[in-house]
There are 2 protein chains.
Amino acid sequence: MLSISEENYLKTIFNLSDSGKKQVSTNSISKFLKTKPSSVTDMIKKLTVKKLLYHKKYKGTNISSNGKKLAIQIIRKHRLWEVFLYEKLKFKWDEVHKIAEELEHISNEKLIDKLDKYLKYPKIDPHGDPIPNKDGKIDIKQIIKLSNLSIKDVCIVSNVNDEDGNLLEYLNKIKIHIGCKIKVFDVIDFDKSLEIEIDSRNKVFISNRVAENILVTKIN
Amino acid sequence: MLSISEENYLKTIFNLSDSGKKQVSTNSISKFLKTKPSSVTDMIKKLTVKKLLYHKKYKGTNISSNGKKLAIQIIRKHRLWEVFLYEKLKFKWDEVHKIAEELEHISNEKLIDKLDKYLKYPKIDPHGDPIPNKDGKIDIKQIIKLSNLSIKDVCIVSNVNDEDGNLLEYLNKIKIHIGCKIKVFDVIDFDKSLEIEIDSRNKVFISNRVAENILVTKIN
DNA sequence: TAAATATTTTAGACAAATCTAAAAATTATT
DNA sequence: AATAATTTTTAGATTTGTCTAAAATATTTA
Ligand SMILES: [Mn+2]
Ligand SMILES: [Mn+2]
Ligand SMILES: [Mn+2]
Ligand SMILES: [Mn+2]
(Lines give C-alpha, C1' and ligand atoms only; values in the text may rest on other atoms or scores of the structure.)
(Ligands and ions follow the chains in the order given, each with its own letter.)
Protein backbone atom coordinates (compact mmCIF):
# COMPACT_ATOMS: atom_id res chain seq x y z
CA MET A 1 0.00 0.00 0.00
CA LEU A 2 1.28 3.41 -1.00
CA SER A 3 0.72 6.67 0.87
CA ILE A 4 -1.06 9.56 -0.84
CA SER A 5 2.29 11.31 -1.31
CA GLU A 6 3.88 8.24 -2.84
CA GLU A 7 0.93 7.89 -5.21
CA ASN A 8 1.15 11.53 -6.27
CA TYR A 9 4.87 11.24 -6.98
CA LEU A 10 4.42 8.02 -8.92
CA LYS A 11 1.62 9.43 -11.06
CA THR A 12 3.60 12.60 -11.72
CA ILE A 13 6.68 10.65 -12.78
CA PHE A 14 4.57 8.46 -15.06
CA ASN A 15 3.03 11.51 -16.71
CA LEU A 16 6.26 13.53 -17.01
CA SER A 17 8.02 10.49 -18.50
CA ASP A 18 5.41 10.33 -21.26
CA SER A 19 3.95 7.05 -19.97
CA GLY A 20 7.37 5.65 -19.07
CA LYS A 21 9.08 6.39 -22.38
CA LYS A 22 11.43 9.12 -21.17
CA GLN A 23 13.71 9.80 -18.24
CA VAL A 24 12.50 12.37 -15.70
CA SER A 25 14.64 15.02 -13.98
CA THR A 26 14.43 15.73 -10.27
CA ASN A 27 13.79 19.40 -10.96
CA SER A 28 10.85 18.76 -13.28
CA ILE A 29 9.13 16.66 -10.61
CA SER A 30 9.82 19.31 -8.02
CA LYS A 31 8.38 22.01 -10.28
CA PHE A 32 5.25 20.04 -11.04
CA LEU A 33 4.51 19.03 -7.45
CA LYS A 34 5.63 22.37 -5.98
CA THR A 35 8.01 20.66 -3.57
CA LYS A 36 11.76 21.24 -3.19
CA PRO A 37 14.24 19.14 -5.20
CA SER A 38 15.64 17.72 -1.96
CA SER A 39 12.21 16.36 -1.06
CA VAL A 40 11.98 14.78 -4.49
CA THR A 41 15.34 13.07 -4.01
CA ASP A 42 14.09 11.58 -0.74
CA MET A 43 10.92 10.26 -2.31
CA ILE A 44 12.79 8.86 -5.33
CA LYS A 45 14.96 6.87 -2.93
CA LYS A 46 11.92 5.50 -1.19
CA LEU A 47 10.12 4.49 -4.38
CA THR A 48 13.35 3.00 -5.74
CA VAL A 49 13.62 0.72 -2.70
CA LYS A 50 10.05 -0.35 -3.42
CA LYS A 51 11.16 -1.18 -6.99
CA LEU A 52 8.72 1.27 -8.55
CA LEU A 53 11.49 3.43 -10.02
CA TYR A 54 15.03 3.05 -11.36
CA HIS A 55 17.44 5.72 -10.30
CA LYS A 56 21.17 6.45 -10.66
CA LYS A 57 22.55 9.28 -8.58
CA TYR A 58 22.67 12.56 -10.55
CA LYS A 59 21.47 10.77 -13.67
CA GLY A 60 17.69 10.80 -13.65
CA THR A 61 14.72 8.60 -12.92
CA ASN A 62 12.81 5.97 -14.89
CA ILE A 63 9.61 4.29 -13.89
CA SER A 64 9.62 0.48 -13.57
CA SER A 65 6.95 -1.80 -14.98
CA ASN A 66 5.49 -2.27 -11.50
CA GLY A 67 5.50 1.49 -11.06
CA LYS A 68 3.74 1.90 -14.39
CA LYS A 69 1.03 -0.54 -13.41
CA LEU A 70 0.31 1.28 -10.16
CA ALA A 71 0.40 4.71 -11.82
CA ILE A 72 -2.08 3.60 -14.46
CA GLN A 73 -4.50 2.36 -11.81
CA ILE A 74 -4.34 5.73 -10.04
CA ILE A 75 -5.01 7.46 -13.35
CA ARG A 76 -7.91 5.09 -13.98
CA LYS A 77 -9.47 6.05 -10.66
CA HIS A 78 -8.85 9.75 -11.29
CA ARG A 79 -10.54 9.72 -14.67
CA LEU A 80 -13.50 7.58 -13.60
CA TRP A 81 -14.20 10.00 -10.75
CA GLU A 82 -13.94 12.89 -13.23
CA VAL A 83 -16.61 11.25 -15.36
CA PHE A 84 -18.81 10.78 -12.29
CA LEU A 85 -18.43 14.41 -11.25
CA TYR A 86 -19.10 15.67 -14.76
CA GLU A 87 -21.86 13.32 -15.91
CA LYS A 88 -23.73 12.63 -12.69
CA LEU A 89 -23.09 15.57 -10.39
CA LYS A 90 -23.06 18.08 -13.29
CA PHE A 91 -19.78 19.78 -12.44
CA LYS A 92 -18.14 21.92 -15.14
CA TRP A 93 -15.18 20.26 -16.84
CA ASP A 94 -12.82 22.83 -15.34
CA GLU A 95 -13.89 21.90 -11.78
CA VAL A 96 -13.52 18.12 -11.80
CA HIS A 97 -9.74 17.69 -11.90
CA LYS A 98 -9.06 19.22 -8.50
CA ILE A 99 -11.68 17.09 -6.73
CA ALA A 100 -10.55 13.94 -8.54
CA GLU A 101 -7.03 14.57 -7.19
CA GLU A 102 -8.46 13.66 -3.78
CA LEU A 103 -10.87 10.92 -4.81
CA GLU A 104 -8.18 9.06 -6.77
CA HIS A 105 -6.47 8.06 -3.52
CA ILE A 106 -9.38 6.12 -2.10
CA SER A 107 -8.32 2.53 -2.33
CA ASN A 108 -11.04 -0.08 -2.72
CA GLU A 109 -11.02 -2.21 -5.83
CA LYS A 110 -14.70 -3.10 -5.60
CA LEU A 111 -15.56 0.59 -5.38
CA ILE A 112 -13.81 1.34 -8.65
CA ASP A 113 -15.31 -1.69 -10.40
CA LYS A 114 -18.80 -0.67 -9.35
CA LEU A 115 -18.20 2.97 -10.27
CA ASP A 116 -16.96 1.86 -13.70
CA LYS A 117 -20.07 -0.26 -14.21
CA TYR A 118 -22.36 2.52 -12.95
CA LEU A 119 -20.82 4.94 -15.45
CA LYS A 120 -21.26 2.32 -18.20
CA TYR A 121 -17.54 1.67 -18.73
CA PRO A 122 -16.63 5.09 -20.19
CA LYS A 123 -13.67 5.25 -22.60
CA ILE A 124 -12.66 8.88 -22.08
CA ASP A 125 -12.80 11.43 -19.27
CA PRO A 126 -14.38 14.91 -19.63
CA HIS A 127 -11.13 16.29 -21.09
CA GLY A 128 -10.84 13.55 -23.69
CA ASP A 129 -8.15 11.57 -21.86
CA PRO A 130 -8.48 7.80 -22.27
CA ILE A 131 -9.54 5.76 -19.24
CA PRO A 132 -7.38 2.65 -18.71
CA ASN A 133 -9.41 -0.54 -18.26
CA LYS A 134 -9.12 -2.80 -15.21
CA ASP A 135 -6.06 -4.52 -16.69
CA GLY A 136 -4.34 -1.19 -17.33
CA LYS A 137 -4.83 -1.21 -21.06
CA ILE A 138 -5.22 2.22 -22.68
CA ASP A 139 -6.77 3.03 -26.08
CA ILE A 140 -4.49 5.50 -27.84
CA LYS A 141 -5.79 7.57 -30.71
CA GLN A 142 -3.84 9.35 -33.48
CA ILE A 143 -3.90 12.84 -32.11
CA ILE A 144 -2.08 16.06 -33.03
CA LYS A 145 -1.93 19.57 -31.62
CA LEU A 146 -4.39 22.09 -33.06
CA SER A 147 -1.36 24.36 -33.52
CA ASN A 148 -0.01 21.96 -36.17
CA LEU A 149 -2.94 22.40 -38.54
CA SER A 150 -2.99 24.60 -41.65
CA ILE A 151 -5.56 26.78 -43.38
CA LYS A 152 -8.80 24.93 -44.32
CA ASP A 153 -8.01 21.90 -42.15
CA VAL A 154 -10.98 20.55 -40.17
CA CYS A 155 -10.70 18.52 -36.97
CA ILE A 156 -12.49 17.16 -33.91
CA VAL A 157 -11.25 18.18 -30.47
CA SER A 158 -10.23 15.03 -28.63
CA ASN A 159 -8.33 16.32 -25.64
CA VAL A 160 -7.39 19.43 -23.72
CA ASN A 161 -4.85 19.99 -20.97
CA ASP A 162 -6.79 19.63 -17.73
CA GLU A 163 -4.09 20.92 -15.43
CA ASP A 164 -4.87 24.61 -15.92
CA GLY A 165 -8.27 25.79 -14.76
CA ASN A 166 -7.82 29.14 -16.53
CA LEU A 167 -7.42 27.43 -19.89
CA LEU A 168 -10.54 25.32 -19.31
CA GLU A 169 -12.57 28.35 -18.30
CA TYR A 170 -11.43 30.18 -21.42
CA LEU A 171 -12.34 27.22 -23.62
CA ASN A 172 -15.77 27.13 -21.98
CA LYS A 173 -16.18 30.79 -22.84
CA ILE A 174 -15.39 30.34 -26.52
CA LYS A 175 -17.42 27.11 -26.51
CA ILE A 176 -14.66 24.64 -27.29
CA HIS A 177 -15.43 21.22 -25.81
CA ILE A 178 -14.46 17.59 -26.36
CA GLY A 179 -16.03 16.37 -29.59
CA CYS A 180 -16.61 19.79 -31.16
CA LYS A 181 -15.60 20.49 -34.78
CA ILE A 182 -13.02 23.13 -35.57
CA LYS A 183 -12.17 24.58 -38.98
CA VAL A 184 -8.97 26.58 -39.42
CA PHE A 185 -9.68 29.78 -41.36
CA ASP A 186 -6.32 31.46 -41.07
CA VAL A 187 -2.89 31.08 -39.52
CA ILE A 188 -1.32 34.44 -38.69
CA ASP A 189 2.34 34.47 -39.72
CA PHE A 190 3.34 37.06 -37.12
CA ASP A 191 2.57 35.04 -33.96
CA LYS A 192 1.18 31.76 -35.28
CA SER A 193 -2.22 32.56 -33.79
CA LEU A 194 -5.20 30.89 -35.45
CA GLU A 195 -8.52 32.10 -36.74
CA ILE A 196 -10.93 29.20 -36.25
CA GLU A 197 -14.61 28.40 -36.58
CA ILE A 198 -16.15 26.28 -33.83
CA ASP A 199 -19.03 23.90 -34.63
CA SER A 200 -19.83 25.87 -37.84
CA ARG A 201 -20.93 28.78 -35.65
CA ASN A 202 -18.66 31.19 -33.83
CA LYS A 203 -15.42 32.36 -35.39
CA VAL A 204 -12.63 33.39 -33.00
CA PHE A 205 -8.89 34.02 -32.84
CA ILE A 206 -6.86 31.90 -30.44
CA SER A 207 -3.17 32.24 -29.56
CA ASN A 208 -0.60 29.65 -30.57
CA ARG A 209 -0.13 28.90 -26.87
CA VAL A 210 -3.78 27.92 -26.55
CA ALA A 211 -3.70 25.92 -29.80
CA GLU A 212 -0.76 23.92 -28.44
CA ASN A 213 -2.89 22.78 -25.53
CA ILE A 214 -5.74 21.47 -27.65
CA LEU A 215 -5.31 18.01 -29.15
CA VAL A 216 -7.40 17.03 -32.17
CA THR A 217 -7.97 14.37 -34.78
CA LYS A 218 -7.98 15.65 -38.37
CA ILE A 219 -11.07 14.73 -40.38
CA ASN A 220 -10.11 15.98 -43.86
CA MET B 1 -8.82 23.02 7.91
CA LEU B 2 -8.54 19.85 9.93
CA SER B 3 -6.37 16.83 9.15
CA ILE B 4 -7.95 13.41 8.63
CA SER B 5 -6.80 12.37 12.11
CA GLU B 6 -8.24 15.46 13.71
CA GLU B 7 -11.54 14.85 11.93
CA ASN B 8 -11.66 11.22 13.06
CA TYR B 9 -11.01 12.18 16.69
CA LEU B 10 -13.60 14.95 16.58
CA LYS B 11 -16.26 12.70 15.09
CA THR B 12 -15.49 9.94 17.61
CA ILE B 13 -15.73 12.33 20.56
CA PHE B 14 -19.03 13.69 19.22
CA ASN B 15 -20.44 10.17 18.92
CA LEU B 16 -19.10 8.87 22.25
CA SER B 17 -20.47 11.96 24.00
CA ASP B 18 -23.96 11.18 22.71
CA SER B 19 -24.00 14.24 20.42
CA GLY B 20 -22.24 16.42 22.96
CA LYS B 21 -24.47 15.63 25.91
CA LYS B 22 -21.93 13.63 27.96
CA GLN B 23 -18.30 13.86 28.96
CA VAL B 24 -15.88 11.49 27.24
CA SER B 25 -12.99 9.65 28.84
CA THR B 26 -9.54 9.43 27.29
CA ASN B 27 -9.61 5.65 27.49
CA SER B 28 -12.93 5.32 25.67
CA ILE B 29 -11.59 7.36 22.75
CA SER B 30 -8.42 5.32 22.72
CA LYS B 31 -10.41 2.08 22.69
CA PHE B 32 -12.67 3.19 19.88
CA LEU B 33 -9.90 4.52 17.64
CA LYS B 34 -7.43 1.77 18.54
CA THR B 35 -4.74 4.27 19.51
CA LYS B 36 -2.91 4.57 22.84
CA PRO B 37 -4.30 6.83 25.59
CA SER B 38 -1.17 8.99 25.35
CA SER B 39 -1.89 9.68 21.70
CA VAL B 40 -5.42 10.66 22.63
CA THR B 41 -4.13 13.11 25.24
CA ASP B 42 -1.92 14.73 22.60
CA MET B 43 -4.78 15.11 20.17
CA ILE B 44 -7.14 16.42 22.86
CA LYS B 45 -4.59 19.15 23.58
CA LYS B 46 -4.41 20.08 19.93
CA LEU B 47 -8.18 20.22 19.45
CA THR B 48 -8.55 22.16 22.71
CA VAL B 49 -6.16 24.84 21.42
CA LYS B 50 -8.34 25.03 18.30
CA LYS B 51 -11.35 25.56 20.62
CA LEU B 52 -13.16 22.45 19.37
CA LEU B 53 -13.02 20.75 22.79
CA TYR B 54 -13.02 21.69 26.47
CA HIS B 55 -10.60 19.74 28.63
CA LYS B 56 -9.44 19.79 32.25
CA LYS B 57 -6.44 17.62 33.09
CA TYR B 58 -7.47 14.19 34.42
CA LYS B 59 -11.13 15.22 34.32
CA GLY B 60 -12.48 14.40 30.89
CA THR B 61 -13.36 16.02 27.61
CA ASN B 62 -16.40 17.87 26.30
CA ILE B 63 -17.02 18.96 22.73
CA SER B 64 -17.54 22.70 22.10
CA SER B 65 -20.27 24.13 19.91
CA ASN B 66 -17.72 24.76 17.14
CA GLY B 67 -16.54 21.18 17.49
CA LYS B 68 -20.11 19.95 17.30
CA LYS B 69 -20.73 21.88 14.09
CA LEU B 70 -17.66 20.42 12.41
CA ALA B 71 -18.41 16.88 13.62
CA ILE B 72 -21.95 17.08 12.28
CA GLN B 73 -20.68 18.13 8.87
CA ILE B 74 -18.30 15.15 8.77
CA ILE B 75 -21.20 12.87 9.73
CA ARG B 76 -23.30 14.47 7.00
CA LYS B 77 -20.65 13.67 4.42
CA HIS B 78 -20.23 10.12 5.74
CA ARG B 79 -23.94 9.33 5.53
CA LEU B 80 -24.48 10.93 2.13
CA TRP B 81 -21.64 8.84 0.71
CA GLU B 82 -23.19 5.74 2.31
CA VAL B 83 -26.44 6.48 0.51
CA PHE B 84 -24.55 6.91 -2.76
CA LEU B 85 -22.71 3.61 -2.31
CA TYR B 86 -25.88 1.76 -1.35
CA GLU B 87 -28.41 3.30 -3.74
CA LYS B 88 -26.31 4.02 -6.81
CA LEU B 89 -23.39 1.61 -6.72
CA LYS B 90 -25.47 -1.20 -5.19
CA PHE B 91 -23.17 -2.05 -2.32
CA LYS B 92 -24.58 -4.13 0.53
CA TRP B 93 -25.38 -2.15 3.67
CA ASP B 94 -22.63 -3.92 5.57
CA GLU B 95 -20.00 -2.76 3.06
CA VAL B 96 -20.64 0.97 2.87
CA HIS B 97 -19.44 2.17 6.28
CA LYS B 98 -15.78 1.32 5.76
CA ILE B 99 -15.58 3.07 2.39
CA ALA B 100 -17.49 6.10 3.70
CA GLU B 101 -14.84 6.42 6.44
CA GLU B 102 -12.46 7.46 3.67
CA LEU B 103 -14.84 9.47 1.51
CA GLU B 104 -16.04 11.56 4.47
CA HIS B 105 -12.67 13.36 4.58
CA ILE B 106 -12.85 14.82 1.11
CA SER B 107 -13.44 18.49 1.64
CA ASN B 108 -15.32 20.38 -1.02
CA GLU B 109 -18.57 22.01 -0.08
CA LYS B 110 -19.89 22.12 -3.62
CA LEU B 111 -19.23 18.39 -3.96
CA ILE B 112 -21.42 17.58 -0.97
CA ASP B 113 -24.17 19.97 -2.07
CA LYS B 114 -24.27 18.40 -5.50
CA LEU B 115 -24.12 14.87 -4.09
CA ASP B 116 -27.03 15.72 -1.77
CA LYS B 117 -29.06 17.05 -4.68
CA TYR B 118 -28.17 14.07 -6.87
CA LEU B 119 -29.38 11.68 -4.16
CA LYS B 120 -32.58 13.77 -3.83
CA TYR B 121 -31.83 15.08 -0.33
CA PRO B 122 -32.12 11.77 1.55
CA LYS B 123 -33.19 11.94 5.20
CA ILE B 124 -31.59 8.68 6.43
CA ASP B 125 -28.58 6.56 5.54
CA PRO B 126 -28.74 2.80 4.74
CA HIS B 127 -28.60 1.97 8.47
CA GLY B 128 -31.43 4.33 9.37
CA ASP B 129 -29.22 7.06 10.81
CA PRO B 130 -30.51 10.59 10.14
CA ILE B 131 -28.54 12.75 7.68
CA PRO B 132 -27.93 16.28 9.00
CA ASN B 133 -28.91 19.01 6.54
CA LYS B 134 -26.50 21.68 5.27
CA ASP B 135 -27.10 23.79 8.37
CA GLY B 136 -26.37 20.86 10.66
CA LYS B 137 -29.95 20.25 11.70
CA ILE B 138 -30.83 16.63 12.47
CA ASP B 139 -34.32 15.10 12.51
CA ILE B 140 -34.61 12.96 15.62
CA LYS B 141 -37.30 10.31 15.85
CA GLN B 142 -38.79 8.65 18.95
CA ILE B 143 -36.82 5.46 18.89
CA ILE B 144 -36.33 2.63 21.35
CA LYS B 145 -34.30 -0.55 21.45
CA LEU B 146 -36.00 -3.70 20.17
CA SER B 147 -34.88 -5.32 23.41
CA ASN B 148 -37.27 -3.04 25.31
CA LEU B 149 -40.41 -4.39 23.63
CA SER B 150 -42.83 -6.92 25.13
CA ILE B 151 -44.93 -9.81 23.80
CA LYS B 152 -47.30 -8.83 20.96
CA ASP B 153 -45.63 -5.46 20.36
CA VAL B 154 -45.16 -4.53 16.70
CA CYS B 155 -42.53 -2.09 15.41
CA ILE B 156 -40.66 -0.75 12.38
CA VAL B 157 -36.86 -1.03 12.30
CA SER B 158 -35.44 2.48 12.07
CA ASN B 159 -31.77 2.02 12.81
CA VAL B 160 -29.05 -0.54 13.36
CA ASN B 161 -25.51 -0.19 14.68
CA ASP B 162 -23.31 0.18 11.57
CA GLU B 163 -19.97 -0.20 13.30
CA ASP B 164 -19.97 -3.99 13.33
CA GLY B 165 -19.90 -5.73 9.97
CA ASN B 166 -20.69 -9.09 11.57
CA LEU B 167 -23.95 -7.80 12.99
CA LEU B 168 -24.97 -6.35 9.63
CA GLU B 169 -24.17 -9.58 7.84
CA TYR B 170 -26.25 -11.51 10.37
CA LEU B 171 -29.18 -9.12 9.97
CA ASN B 172 -28.93 -9.57 6.20
CA LYS B 173 -29.14 -13.30 6.70
CA ILE B 174 -32.30 -13.17 8.77
CA LYS B 175 -33.68 -10.46 6.46
CA ILE B 176 -33.89 -7.60 8.92
CA HIS B 177 -33.50 -4.27 7.14
CA ILE B 178 -34.39 -0.61 7.72
CA GLY B 179 -38.15 -0.19 7.37
CA CYS B 180 -39.11 -3.82 7.94
CA LYS B 181 -41.89 -4.73 10.37
CA ILE B 182 -41.17 -6.87 13.42
CA LYS B 183 -43.69 -8.51 15.74
CA VAL B 184 -42.56 -9.83 19.12
CA PHE B 185 -43.94 -13.33 19.71
CA ASP B 186 -42.16 -14.20 22.90
CA VAL B 187 -39.58 -12.92 25.36
CA ILE B 188 -37.59 -15.73 26.94
CA ASP B 189 -37.21 -15.11 30.67
CA PHE B 190 -33.98 -17.07 30.96
CA ASP B 191 -31.75 -14.90 28.73
CA LYS B 192 -34.11 -12.17 27.49
CA SER B 193 -33.80 -13.46 23.94
CA LEU B 194 -36.71 -12.70 21.62
CA GLU B 195 -38.86 -14.73 19.29
CA ILE B 196 -39.84 -12.38 16.49
CA GLU B 197 -41.61 -12.45 13.15
CA ILE B 198 -40.07 -10.37 10.36
CA ASP B 199 -42.30 -8.78 7.72
CA SER B 200 -45.11 -11.26 8.53
CA ARG B 201 -42.95 -14.04 7.11
CA ASN B 202 -39.99 -15.65 8.83
CA LYS B 203 -40.04 -16.30 12.56
CA VAL B 204 -36.64 -16.40 14.31
CA PHE B 205 -35.03 -16.17 17.72
CA ILE B 206 -32.53 -13.37 18.33
CA SER B 207 -30.33 -12.81 21.36
CA ASN B 208 -30.81 -9.89 23.73
CA ARG B 209 -27.42 -8.58 22.59
CA VAL B 210 -28.65 -8.37 18.99
CA ALA B 211 -31.99 -6.85 20.05
CA GLU B 212 -30.09 -4.11 21.89
CA ASN B 213 -28.42 -3.06 18.65
CA ILE B 214 -31.66 -2.69 16.69
CA LEU B 215 -33.56 0.55 17.17
CA VAL B 216 -37.25 0.67 16.31
CA THR B 217 -40.38 2.79 16.44
CA LYS B 218 -43.41 1.10 18.00
CA ILE B 219 -46.54 1.06 15.86
CA ASN B 220 -49.08 -0.44 18.27
C1' DT C 1 -8.76 6.03 55.21
C1' DA C 2 -4.88 3.69 53.50
C1' DA C 3 -3.44 0.64 49.99
C1' DA C 4 -4.21 -1.25 45.56
C1' DT C 5 -5.80 -0.53 41.03
C1' DA C 6 -7.07 2.08 37.09
C1' DT C 7 -6.82 6.18 34.38
C1' DT C 8 -4.53 9.97 32.48
C1' DT C 9 -0.62 12.69 31.49
C1' DT C 10 4.30 13.61 30.64
C1' DA C 11 8.78 12.70 28.69
C1' DG C 12 11.21 11.11 25.20
C1' DA C 13 11.57 8.42 20.81
C1' DC C 14 10.38 7.41 15.94
C1' DA C 15 8.69 7.37 10.99
C1' DA C 16 6.86 10.15 7.24
C1' DA C 17 7.08 14.11 4.55
C1' DT C 18 8.58 18.26 4.20
C1' DC C 19 12.07 22.26 4.49
C1' DT C 20 16.88 25.17 4.28
C1' DA C 21 21.67 25.42 3.58
C1' DA C 22 25.61 23.55 1.85
C1' DA C 23 28.24 20.11 -0.76
C1' DA C 24 28.84 17.30 -4.90
C1' DA C 25 28.22 16.33 -9.63
C1' DT C 26 26.90 17.60 -14.19
C1' DT C 27 26.40 20.74 -18.02
C1' DA C 28 27.17 25.04 -20.42
C1' DT C 29 30.15 28.95 -21.54
C1' DT C 30 34.13 31.21 -22.41
C1' DA D 1 40.17 22.83 -20.77
C1' DA D 2 39.10 25.88 -17.13
C1' DT D 3 35.45 28.39 -15.11
C1' DA D 4 30.70 29.48 -14.31
C1' DA D 5 26.07 28.09 -13.87
C1' DT D 6 22.78 24.63 -13.02
C1' DT D 7 21.15 20.44 -11.15
C1' DT D 8 21.09 17.05 -7.72
C1' DT D 9 22.18 15.16 -3.40
C1' DT D 10 23.36 15.26 1.55
C1' DA D 11 23.00 16.84 6.26
C1' DG D 12 20.35 18.41 9.58
C1' DA D 13 15.92 20.55 11.26
C1' DT D 14 10.73 20.69 11.71
C1' DT D 15 5.84 19.15 12.00
C1' DT D 16 2.38 15.57 12.54
C1' DG D 17 0.81 11.57 14.53
C1' DT D 18 2.05 7.79 16.65
C1' DC D 19 4.44 4.81 20.26
C1' DT D 20 6.61 3.07 25.12
C1' DA D 21 7.78 3.75 29.75
C1' DA D 22 7.26 6.15 33.72
C1' DA D 23 5.07 9.62 36.65
C1' DA D 24 0.89 11.87 38.37
C1' DT D 25 -3.78 11.75 39.60
C1' DA D 26 -8.24 9.59 40.49
C1' DT D 27 -11.05 5.71 41.84
C1' DT D 28 -12.00 1.41 44.04
C1' DT D 29 -11.32 -1.93 47.58
C1' DA D 30 -10.21 -3.66 51.80
MN1 LIG E 1 -7.63 15.27 -14.37
MN1 LIG F 1 -3.64 13.15 -6.20
MN1 LIG G 1 -21.42 4.60 8.82
MN1 LIG H 1 -12.98 8.64 8.93
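Just so it is clear, the structure is predicted and the values come from calculations on it, not from any experiment. Letters A, B, ... mirror the listed sequences (proteins, then strands); counts begin at 1.
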Say whether, by atom type as modelled, one donor and one acceptor occur between the side chain of Ser64(B) and the main chain of Lys51(B) under 3.5 angstrom. yes

Heavy atoms under 4.0 Å, any strand shown: does Lys31(A) hit a base, just sugar-phosphate, or nothing? nothing

Spacing between Lys36(A) atom NZ and dA22(C) atom P, to the nearest angstrom: 15 Å

Exam field: side chain Glu212(A) to backbone Asn148(A), donor-acceptor pair closer than 3.5 Å: no

With a 4.0 Å cut-off, would you call Lys92(B) and Glu169(B) a salt bridge? no

Please state how far atom CG in Leu33(B) lies from atom P in dC19(D), giving the value in whole angstrom units. 10 Å

Using a 4.0 Å heavy-atom cut-off across all strands, classify Thr35(B) as base, sugar-phosphate, or nothing. sugar-phosphate

Under a 3.5 Å distance rule, please check whether Arg79(A) uses its side chain to pair with a backbone N or O of Pro130(A) as donor and acceptor. yes

Nearest to the side chain of Lys57(B), heavy atoms from C-beta on, is which of dT10(C), dT8(C), dT9(D)? dT10(C)

Mind calculating the distance between CE (Met43(B)) and P (dT16(D)) to the nearest angstrom? 10 Å

Start at the 5' end of DNA chain C and walk down; is the nucleotide closest to Pro37(A) or to Lys59(A) reached first? Pro37(A)

Tell me whether the OP1 or OP2 atom of dT18(D) has a side-chain N or O from Tyr9(B) closer than 4.0 Å. yes

Return the nearest nucleotide to the side chain of His55(B); candidates are dT9(C), dT10(C), dT7(C). dT9(C)

Whole-Å distance, Gln23(A) CD to dT7(D) P, equals 15 Å

Spell out yes or no: do the side chain of Thr41(B) and the base of dT10(C) have one donor N/O and one acceptor N/O closer than 3.5 Å? no

Which part of the nucleic acid, if any, lies within contact of Ser5(B), taking any heavy atom under 4.0 Å across all strands shown: a base, the sugar-phosphate backbone alone, or nothing? sugar-phosphate

Note, Trp93(B) side chain near Leu171(B) side chain (heavy atom, < 4.5 Å): yes

Quick check on dT7(D): is either OP1 or OP2 less than 4.0 Å from any side-chain nitrogen or oxygen of Ser25(A)? no

Would you say Asn27(B) reaches dA6(C)'s phosphate, i.e. side-chain N/O to OP1/OP2 under 4.0 Å? no

Rounding to an integer number of Å, can you tell me how far Ile4(A) CD1 sits from dT18(C) P? 11 Å

When you measure from the side-chain N and O atoms of Tyr58(B) to the phosphate of dT10(C), is any distance below 4.0 Å, counting only OP1 and OP2? no

Please give, in whole Å, the distance from dT9(D) C1' to Ile44(A) CD1? 10 Å

Can you check the Lys56(B) NZ to dT9(C) C1' distance for me, whole Å? 17 Å

How would you label the contact of Ser38(B) with the nucleic acid (heavy atoms, under 4.0 Å): base, sugar-phosphate, or nothing? base

Here the distance between atom P of dT10(C) and atom CG of Asp42(B), to the nearest Å, is 9 Å

